[in-house]
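Working notes, structure below.
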Amino acid sequence: MVHQLQPCAIFVAEDDEDDRLLLEEAFEYLNAGCRVLYARDGLELLERLTHPDLLMSDRSRMPALVLLDLNMPRMNGHETLRAMRSDAQLRDIPVIVWTTSHVDDEEAECYEEGATGFVTKPNSFLEVQKLIRSTLEAWMPGVRSAPAG
């Protein structure tokens, strides 16, 4: 069953409060008009994606993009990604892995598990803005945002 993607809803699974705040500020600054939803770990993300009262009023409307941290409690990014890819209702949602991980094989493993993209978290607000802007342009081409910087 194919679901209609909501044109500008993004889900972020991130357990680090500082990283969530940076992302919130970057999305707000870029003024992309996207609805950004947050989960603190993979389990919460999956619960919200599969329970319509926790996500949106219409279960057939999915976020257009998920930013997924790898290192989270309860259910990490690898487990979450595998669960999404094995679920017929979630498997087509683009998932960009968003991580501080510097393990050599991590990127290849994420792509094998079904990641759509892989990025290393930047260290500065300006770099976060640039990364979010380029992500929006690449995966949500109809979305216009203010220039970063």
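The structure displayed is predicted, hence computed values, not measured ones.
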Is [Y] close to [X] at the side-chain level, that is, under 4.5 Å between some pair of heavy atoms?
X    : Y    : answer
T120 : T100 : no
K121 : D69  : yes
W98  : L68  : no
R48  : L37  : yes
L81  : R85  : yes
C110 : H78  : yes
D19  : V128 : no
M84  : V66  : yes

Taking R74 first and then D15, would you say they form a salt bridge - that is, a charged N and a carboxylate O separated by under 4.0 Å?
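Here R74 does not pair with D15 in a salt bridge, since their nearest N and O are not under 4.0 Å apart.
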Would you say that more than 12 heavy atoms from the other residues, nucleotides or ligands in this model lie under 6.0 Å from the CZ of R40, or not?
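Atom CZ in R40 is not crowded, with 12 or fewer foreign heavy atoms closer than 6.0 Å.
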Backbone N or O of P94 within a donor-acceptor pair of the T116 side chain at under 3.5 Å?
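Between the backbone of P94 and the side chain of T116 there is no qualifying donor-acceptor contact (under 3.5 Å).
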For the side chain of E79 and the backbone of N76, is there at least one donor-acceptor N/O pair under 3.5 Å apart?
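A pair under 3.5 Å: yes.
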Got a sec, which residues hit side-chain contact (heavy atoms from CB on, under 4.5 Å) with Y38, two or more places apart in sequence or on another chain?
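side-chain contact (heavy atoms from CB on, under 4.5 Å) check on Y38 returns V12, R20, L23, E24, F27, V36.
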Which residues satisfy the side-chain contact (heavy atoms from CB on, under 4.5 Å) test with E107, sequence neighbours excluded?
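E107 satisfies side-chain contact (heavy atoms from CB on, under 4.5 Å) with Y111, F118 only.
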[X] side, atom [atom1]; [Y] side, atom [atom2] - distance, nearest 0.5 Å:
X   : Y   : atom1 : atom2 : value
E14 : T99 : CD    : OG1   : 9.0 Å
L21 : E17 : CG    : CD    : 7.5 Å
L45 : L90 : CG    : CG    : 8.0 Å
I93 : R91 : CD1   : CZ    : 11.5 Å

Residues in salt bridge (Lys or Arg N to Asp or Glu O under 4.0 Å) contact with R82, at least two apart in sequence or another chain
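By the salt bridge (Lys or Arg N to Asp or Glu O under 4.0 Å) rule, R82 matches E113.
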Do you know the tightest heavy-atom contact between D41 and L43?
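For D41 and L43, the tightest heavy-atom pair comes out as OD1-N, 3.0 Å.
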Over all heavy atoms of both residues, which pair between G42 and T80 is shortest? Give the atoms and the distance, please.
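That closest heavy-atom pairing would be CA-OG1, 3.0 Å.
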Among I132, L131, V97, V119, side-chain contact (heavy atoms from CB on, under 4.5 Å) partner for L67:
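Running side-chain contact (heavy atoms from CB on, under 4.5 Å) over I132, L131, V97, V119 with L67 returns exactly one hit, I132.
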